[in-house]
Amino acid sequence: MTVKTRFAPSPTGYLHIGGARTALFAWAYARRHGGKFVLRIEDTDVERSTPEAVQAILDGMTWLGLAHDEGPYYQMQRMYRYKEVIGQMLAAGSAYHCYMSREELDALRAAQEARKEKPRYDGSWRPEPGKTLPVPPSGVQPVVRFRNPVDGVVAWDDQVKGRIEIGNAELDDFIIARADGTPTYNFCVVVDDWDMGITHVIRGDDHVNNTPRQINLLKALGAPVPLYGHLSMILGDDGTKLSKRHGAVSVMQYFEEGYLPEAVINYLARLGWSHGDAELFSREQFVQWFDLDHITPSAAQFNTEKLRWLNQQYIKAADNARLAELARPFLVRNNADPDNGPDLAAVVALVKERAATVVELADAATLFYRTLHPAPELLAQHVTPDVLPALADLAGRLEGIDWERGAISAAFKETLAAHGLKMPKLAMPVRVLVTGETQTPAIDATLALIGKEKVLARLKAAL
RNA sequence: GUCCCUAUCGUCUAGAGGCCUAGGACAACACCCUUUCACGGUGUGAACCGGGGUUCGAAUCCCCGUGGGGACGCCA
């Protein structure tokens with residue numbers, strides 16, 4: 001049997017971090033077993049589904065590198081199939097028309113809640129042997145309900161949570177087609193998973209309660225029941241449910257904040273899954289290791305600090321030319337022109353050890369492309385009158401050398417020796433004068449990249 | 001309210017009855033390295049929710065509490 005998994009988002013918003021992890025796990029499972037990964041867009045909620053959201057989900061998956069082998073399928077394009085199956089179920093008696101109005105239903109639920117009961121449909125229109133059904137009111141479009149078994153339990157061995165059993169007594173006859181004829185979620189999922197030959201349903205655990213209904217439906221249809229694995233939810237940094245408040249709405253936001261997709265993948269993989277003590281591993285390694293047995297059944301809290309650390313590890317290891325291209329737009333945003341100054345890849349090589357994100361990388365690179373004027377208090381603090389002679393001496397020595405790091409370093413050391421100073425005493429004022437900052441890479445390497453002319457001009461301006 | 005799931009350092013987690021005086025990682029703190037800031041290195045503090053069982057032995061199995069989460073839609 002070929003493994004087939006699917007990711008089935010509803011296009012009502014962006015691909016958020018929880019959805020991304022679900023997609024990652026479903027993708028990895030298919031890859032791990034040489035199977036297929038299906039993308040299915042569940043757009044039957046016409047009110048809330050948008051083409052923009054579909055695109056956003058596609059973009060997010062692409063950025064993360066989660067390619068699907070089949071699809072995307074769109075449920076709205078499969079209406080003919082759902083209607084066909086509903087017709088069959090009606091004919092077979094496993095589904096029936098229900099004429100209870102919304103108002104009646106609301107009243108029923110309200111009464112049940114008042115009695116502290118679990119709100120559920122009471123089966124008024126459910127056909128039973130020897131039971132006389134009410135007369136269908138005229139002018140009312142009926143919904144179609146599934147005739148759920150009354151007795152027994154539905155059980156499955158959840159691939160992450162273990163065995164789960166739910167009594168049929170807890171379930172009611174849920175609606176599979178609305179009054180306007182459109183099918184509902186639980187029904188479409190079942191028909192799709194069946195038609196598409198899905199073998200492993202890996203999804204969020206908010207679907208645990210839907211699973212028994214879907215299994216009953218599958219059985220009524222004579223369809224095979226796939227294996228289910230329910231992933232617990234991801235909580236925000238503050239331990240509460242993820243929402244817009246946490247700024248983690250869309251995975252693309254991580255792109256905008258300067259995270260590398262491989263870092264996000266690595267982080268997400270470790271959130272709720274583990275392989276011994278392994279923390280830092282490639283996508284390929286992840287696919288080789290991934291299994292359902294080591295998924296944590298409880299909810300996990302998102303930790304931006306750790307994501308940052310991982311991202312930093314990936315930035316340090318990343319190719320300079322690639323990082324340069326990624327940083328370029330952020331440099332431009334900083335009003336720096338990356339084409340007017342030292343080679344960006346060389347700058348990136350120098351600053352990447354002190355950047356946790358591409359944004360920070362660009363920020364650190366900015367001083368190489370823009371004249372930054374030091375704040376007066378920095379000048380007052382570092383460029384004190386007693387270092388002026390040493391600075392003048394240094395400027396003189398720099399003027400006569402070949403402009404490369406080793407020679408610059410030598411000029412510093414000679415100046416230090418001549419004036420009996422320690423490195424920071426001289427390097428800090430130079431740093432402030434030339435870059436406008438107190439935090440830069442090693443001063444000799446920094447000066448080497450900025451260029452002789454600019455360095456000398458800025459130094460002399462202070463003397 | 002009913003049903004379902006869940007519970008190890010602040011956080012992510014290792015742990016499948018003895019290998020656990022509970023391991024790793026992020027974060028914190030200290031020290032080292034050092035040309036500022038970082039990086040890197042070394043080290044320290046930090047957890048099995050509570051109570052009952054089962055067992056020679058329980059973080060691991062069972063039960064009951066408690067905390068957290070989810071579901072109970074003509075949403076998905």
Side-chain angles (χ1 to χ4, degrees), chain A residues 8-12 42-45 47-49 75 98 100-102 105-106 109 112-120 141-145 158 160-162 164-167 169-172 174-180 182-186 188-189 204-212 230 232-233 235 237 239 241 267 270-280 293-294 296-310 312 316 351-356 360 364 382 409 412 416 422-428 430-432 435 437-446:
Chain A
S10 63
T12 54
E42 309 214 325
D43 54 357
T44 52
D45 184 352
E47 300 282 305
R48 298 194 298 153
S49 298
Q75 290 188 322
C98 167
M100 185 177 279
S101 67
R102 287 170 196 264
L105 207 46
D106 288 344
R109 277 199 272 258
Q112 285 165 332
E113 275 172 41
R115 272 179 271 132
K116 306 269 188 209
E117 288 170 16
K118 188 170 184 166
R120 43 206 289 244
Q141 282 297 315
V143 298
V144 178
R145 285 184 184 271
D158 196 276
V160 351
K161 291 179 184 289
I164 298 178
E165 292 185 19
I166 293 173
E170 296 298 326
L171 275 22
D172 65 356
F174 58 99
I175 293 172
I176 59 176
R178 304 180 179 92
D180 66 4
T182 58
T184 59
Y185 167 75
N186 276 117
C188 297
V189 166
D205 74 357
D206 46 333
H207 289 293
V208 167
N209 293 278
N210 288 323
T211 306
H230 289 96
S232 60
M233 65 183 302
L235 273 19
D237 262 317
K241 200 176 166 181
Y267 180 72
R270 273 294 283 107
L271 197 58
W273 175 85
S274 61
H275 183 80
D277 288 340
E279 294 286 352
L280 198 58
D293 299 333
H294 291 84
T296 311
S298 56
Q301 190 170 316
F302 196 90
N303 187 234
T304 305
E305 283 298 331
K306 191 163 180 180
L307 203 214
R308 274 177 61 81
W309 173 79
L310 265 171
Q312 185 165 32
K316 277 201 297 180
V351 301
K352 71 177 180 180
E353 287 217 330
R354 60 205 76 218
E360 291 178 9
H382 296 286
S409 181
F412 266 84
L416 256 23
K422 296 278 190 192
M423 190 61 167
K425 183 70 182 165
L426 182 60
M428 286 311 289
V430 173
R431 186 171 269 126
V432 168
T435 70
E437 308 255 3
T438 53
Q439 297 171 19
T440 77
I443 193 67
D444 49 358
T446 303

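Each chain gets a letter, A, B and so on, in the order the sequences are listed, and its residues count up from 1.
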**Study point:** Pair A/Glu360-A/Arg308, side-chain contact (heavy atoms from CB on, under 4.5 Å): steps then yes or no
**Key:** CA-CA 11 Å; A/Glu360 291 178 9; A/Arg308 274 177 61 81; 2.9 Å; yes
Is there any protein nitrogen or oxygen under 3.5 Å from a nitrogen or oxygen in nucleotides 14-20 of chain B, and what are the pairs?
residue	atom	partner	partner atom	Å
B/A14	OP1	A/Ser274	OG	2.8

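- Across every strand in view, B/A71 sits in a pair with B/U2 that passes the Watson-Crick or G-U test at under 3.5 angstrom.
- Spacing between B/C20 and B/C26 at atom P, rounded to whole Å, works out to 22 Å.
- B/A30 and B/A14 have their P atoms separated by 31 Å, with the value rounded to a whole Å.
- Nucleotide B/A38 has no partner under the Watson-Crick or G-U criteria, as no pair reaches both atom distances under 3.5 Å.
- With P as the reference atom, B/A7 and B/G50 are 14 Å apart, rounded to whole Å.
- Closest approach of A/Leu271 and A/Gln301 over heavy atoms only: CD1-O, 3.7 Å.
- Between A/Thr304 and A/Phe302, the closest side-chain pair of non-hydrogen atoms falls below 4.5 Å.
- Taking atom OH on A/Tyr267 and atom P on B/C12, their separation rounds to 8 Å, with Å as the unit.
- Across the strands present, B/A25 finds its partner in B/U11; the criterion is a Watson-Crick or G-U wobble pair with both atom distances under 3.5 angstrom.
- The C1' atoms of B/A76 and B/G65 are separated by 35 Å, rounded to the nearest whole Å.
- Distance CG (A/Leu171) to C1' (B/U2): 13 Å, rounded to an integer number of Å.
- Nearest heavy atoms, A/Glu42 versus A/Tyr185: OE1-CE1, 3.1 Å.
- Note: CZ (A/Phe302) to C1' (B/C12) measures 11 Å, nearest angstrom.
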Revision key, fill the gap. Counting primed atoms, P, OP1 and OP2 as sugar-phosphate and everything else as base, the B/S/- map of nucleotides 70-76 of chain B against protein heavy atoms under 4.0 Å is BSBSBBB
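- Nearest-nucleotide positions on RNA chain B place A/Glu170 closer to the 5' end than the other of A/Glu170 and A/Leu271.
- For B/C33, there is no paired base (Watson-Crick or G-U wobble, both distances below 3.5 Å).
- No side-chain heavy atom of A/Thr296 sits less than 4.5 Å from a side-chain heavy atom of A/Trp273.
- For the C1' atom pair drawn from B/A28 and B/C12, the interatomic distance equals 16 Å after rounding to whole Å.
- Contact check for A/His230 versus A/Val160: no side-chain heavy atoms found under the 4.5 Å cut-off.
- Checking B/U60 for Watson-Crick or G-U wobble geometry (two distances, each under 3.5 Å) identifies no partner in any strand.
- The shortest distance between side-chain heavy atoms of A/Leu171 and A/Pro212 falls below 4.5 Å.
- Contact of the A/Cys98 side chain with the A/Pro142 side chain is not registered, since no non-hydrogen atoms from C-beta on lie closer than 4.5 Å.
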Revision key, fill the gap. For nucleotides 26-47 of chain B, 5' to 3', base contacts (B), sugar-phosphate-only contacts (S) and non-contacts (-) with protein non-hydrogen atoms under 4.0 Å give SS-------BBBBSS-------
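- Only the P atoms considered, B/A47 is 14 Å distant from B/G24, to the nearest whole Å.
- A/Val430 has its side chain out of reach of A/His382: every pair of non-hydrogen atoms, C-beta onward, lies at least 4.5 Å apart.
- Using a 4.5 Å heavy-atom threshold, the side chains of A/Ser232 and A/Ser298 count as separate.
- Among all heavy-atom pairs drawn from A/Ala299 and A/Leu235, the shortest one is CB-CD2, 4.1 Å.
- Nucleic acid contact class of A/Gly272 (heavy atoms, under 4.0 Å, all strands): sugar-phosphate only.
- Spacing of P atoms, B/G45 relative to B/G40, comes out at 23 Å, to the nearest Å.
- Of the C1' atoms belonging to B/U60 and B/A16, the separation is 7 Å, rounded to the nearest Å.
- Side-chain contact between A/Met423 and A/Met428 is absent, with no heavy atoms from C-beta onward closer than 4.5 Å.
- A/Thr182 and A/Arg178 share a side-chain donor-acceptor pair at under 3.5 Å.
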